[in-house]
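Below: one structure, written as structure tokens.
Counting starts at 1 for both ligands and their atoms, in listed order.
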Amino acid sequence: MIRAFQQHSLRATRLLDGLWDFITDSDNKGMEEGWASSFPEGSRKHVVPSCWNNELGTYDYIGAAWYRTYFDNLQEANIRLVFEGILHHADVYVDGQHIGYHFGGFTSFSVVLPHLAQGKHELVIRVDNTVDWQTLPTDIADWHSYGGIIRSIELQELPDVYIDSMKIDYQLKDAAADIQLQVQLRSLSKEACQVEVQASTEGHSFSSSQVDVAAGASTTLTLHGKLDNVRRWEVGEPALYTFTVQAGEDDLIDRTGFRTVEVQGSDILLNGKKVYLQGVNRHEEHPEWGFAFPPKLMLKDLDILTDMGCNIVRGSHYPQSQFWIDLLDEHGMLLWSEIPMWGCFMSRETLASPIFIERGIHMLEEMITRDYHHPSIIFWGAHNEIDTLTEEALELTKAFVGKIRSMDSSRLVTYATMHPEEDIVLSYFDVIGINKYYGWYEGSVDGFSTMLKNYYTNAEKHGAGGKPVIMSEFGAAGIFGDAGWEPRLFSEDYQADVVTRALKIFRDDPRIVGTLIWHFADIRVDVRSDRPYFRDRARSFNNKGLLSEYRKPKLAYRLVKEIYRSGR
Ligand code: ADA
């Protein structure tokens with residue numbers, strides 16, 4: 001995988017990225033006609049990873065498309081294919097056989113092919129970016145509904161007993177860390193095997209263990225270790241620890257950092273110290289690459305965030321690529337991570353749909369499992385702008401928050417409400433995020449003060465009066481290069497005025513512990529002539545970026561930088 005560190009030194013891995021055969025299936029006949037085993041004539045070449053909606057001829061294409069490549073096995077081997085991100089439905093076929101289906105474009109999945117014969121194998125993937133009222137995202141979301149294989153695909157060769165996962169947990173007592181490593185082993189062997197499992201971090205070894213694994217079974221064991229004098233992972237001063245587990249002929253390497261995150265009264269404490277969060281919302285999107293965002297540009301985005309004086313970024317509105325989160329870990333930048341649960345126009349039917357809820361829960365599980373070790377992530381976001389006045393939203397909230405808390409008690413759980421004055425789900429969360437657009441969708445910037453007053457009253461009523469509050473979205477559109485003598489809607493001046501005046505109100509309110517401006521850079525959105533949504537999106541872009549889509553700073557960027565860098 002494209003990570004900032006190597007995940008294996010024993011296990012052989014190679015990327016299948018590159019030029020694949022590609023063909024759209026607008027009549028959706030590929031399944032019936034057996035394209036999985038007889039790929040049709042007339043395909044073209046397509047780079048994996050990428051989004052087809054950035055290419056000529058498929059710029060607006062929504063529907064199914066088929067991809068094909070080949071890989072060679074020099075000898076019979078256990079093969080694992082890891083898919084980092086496919087938007088949104090993926091059916092995977094090897095040599096014409098259906099070997100897996102996955103829904104969800106921003107989380108990874110894998111399939112294992114035990115004892116795959118020597119020789120050349122055909123890998124075909126049917127990808128479908130159709131969304132509807134029961135998918136996450138649904139068919140109404142404020143970003144372009146790209147399709148394609150957006151992240152890398154890796155082929156791994158597994159020994160007969162391999163490491164399926166490792167989970168690192170720790171408790172900190174002053175400078176000492178008690179560490180538990182949970183290692184899951186799986187056997188593809190037809191016989192019982194014994195393997196030795198060892199683990200280490202930074203030259204320090206854990207208890208090791210001889211493990212018996214029955215034929216075809218899986219087993220989990222826990223190794224214990226203690227580190228003294230650990231360096232904490234801090235904002236801007238990140239200390240990272242690399243953990244290596246070796247089991248027989250296999251290994252797995254991961255990284256984490258030691259830190260605590262908690263709420264005390266209405267403050268957020270990182271390593272026991274109050275932290276004021278200053279940041280932006282950022283889509284992992286670019287007009288040339290869509291969601292297949294290149295690593296080089298990630299590094300540049302991070303440089304820009306640092307230049308602006310941010311200490312946090314919200315990964316709006318879906319799990320971001322692992323390379324990006326690795327960079328945040330390495331640079332000491334915090335992350336709010338969430339699933340694509342974008343609910344501004346979401347119906348009550350959707351909120352109550354069992355399939356929808358199950359998909360959301362599954363996605364939360366995949367996100368938390370994948371990203372559990374990243375010290376940069378301090379918040380799991382459950383949902384964004386759903387109708388939190390309804391019973392349906394309340395029930396969904398209970399299910400989502402329950403799932404998150406059952407998997408991770410080391411982070412805080414948050415969400416973004418657009419109904420702060422009447423919201424009924426406040427009490428389920430550790431931190432409340434408020435999305436409001438005074439000065440853009442409603443009234444003038446001064447509206448924030450009244451809204452906050454009403455919010456505090458409502459929060460008291462729901463037993464959430466003292467909880468930390470983050471202004472998780474606010475802003476205005478400003479079209480890059482549009483400047484005038486006076487601030488008028490859509491000009492850079494107007495946007496800068498709204499954002500800076502709002503920041504002043506929020507920084508003067510002691511109960512607000514952070515601000516996340518909407519948003520980092522302009523993004524392509526879905527404006528359609530036959531639908532009422534997003535009609536104020538000039539150029540088919542959400543123009544509220546502090547930067548243009550090509551990362552050119554607007555006036556607001558420069559003014560926010562001054563404010564964010566001035567300290568509090
Ligand atoms: C909402 C939403 C964002 C974006 C924003 C806007 O708050 O969460 O994704 O759509 O509004 O620009 O209106």
Side-chain angles (χ1 to χ4, degrees), residues 105-106 131 136-146 279-285 291 313-320 336-346 350-351 360 379 381-389 393 414-421 423 425 432-443 445 447-448 451 455 469-480 489-490 492 494-496 498-499 502 506 514-528 531-549 554 556:
F106 304 97
V131 279
L136 286 87
T138 64
D139 50 355
I140 311 169
D142 191 14
W143 61 82
H144 188 76
S145 183
Y146 288 101
V280 287
N281 290 268
R282 172 184 171 274
H283 271 277
E284 194 165 280
E285 195 264 4
F291 290 139
V313 57
R314 177 172 174 214
S316 50
H317 288 296
Y318 37 79
Q320 315 270 296
W336 163 331
S337 184
E338 66 191 22
I339 57 169
M341 175 78 186
W342 192 94
C344 188
F345 301 106
M346 196 175 275
T350 295
L351 289 172
F379 300 133
H383 44 70
N384 178 69
E385 296 196 344
I386 64 170
D387 188 359
T388 44
L389 310 180
T414 192
Y415 75 120
T417 177
M418 61 172 177
H419 299 297
E421 292 150 278
D423 192 306
V425 310
I432 311 300
I434 298 180
N435 289 3
K436 273 287 171 190
Y437 285 85
Y438 290 99
W440 188 253
Y441 295 120
E442 47 190 336
V445 177
F448 281 115
M451 176 279 289
Y455 161 73
V469 179
I470 294 177
M471 288 307 303
S472 43
E473 285 188 33
F474 57 99
I479 292 183
F480 179 72
L489 287 179
F490 285 104
E492 283 195 29
Y494 186 83
Q495 175 193 28
V498 167
V499 171
F506 306 147
T515 52
L516 291 161
I517 299 162
W518 186 266
H519 54 157
F520 176 67
D522 295 347
I523 54 157
R524 182 177 163 194
V525 299
D526 237 346
V527 189
R528 295 188 221 163
R531 303 209 309 179
Y533 312 107
F534 317 120
R535 299 306 281 267
D536 71 337
R537 307 296 195 254
R539 314 181 301 132
S540 295
F541 274 78
N542 185 315
N543 294 294
K544 301 187 190 77
L546 299 176
L547 304 137
S548 74
E549 63 275 21
K554 302 181 194 169

Can you say whether the rings of Tyr533 and Phe345 are parallel (under 30°), tilted (30 to 60°) or perpendicular (over 60°)?
tilted
Which residues pass the salt bridge (Lys or Arg N to Asp or Glu O under 4.0 Å) test with Arg539, sequence neighbours left out?
Asp522, Glu549
Would you call the rings of Tyr146 and His144 parallel, tilted or perpendicular, where under 30° means parallel and over 60° means perpendicular?
perpendicular
Who are the salt bridge (Lys or Arg N to Asp or Glu O under 4.0 Å) partners of Asp526, not counting sequence neighbours?
Arg528
How are the rings of Tyr318 and Phe106 set to each other: parallel, tilted or perpendicular (split at 30° and 60°)?
parallel
Using a 4.0 angstrom limit on heavy atoms, which residues are close to ligand 1?
Asp142, His317, Trp342, Asn384, Glu385, Asn435, Tyr437, Tyr441, Glu473, Trp518, Arg537, Asn542, Lys544
Return the set of residues passing side-chain contact (heavy atoms from CB on, under 4.5 Å) with Ala477 (not counting sequence neighbours), or none when no residue passes.
Trp440, Phe490, Asn543, Lys544
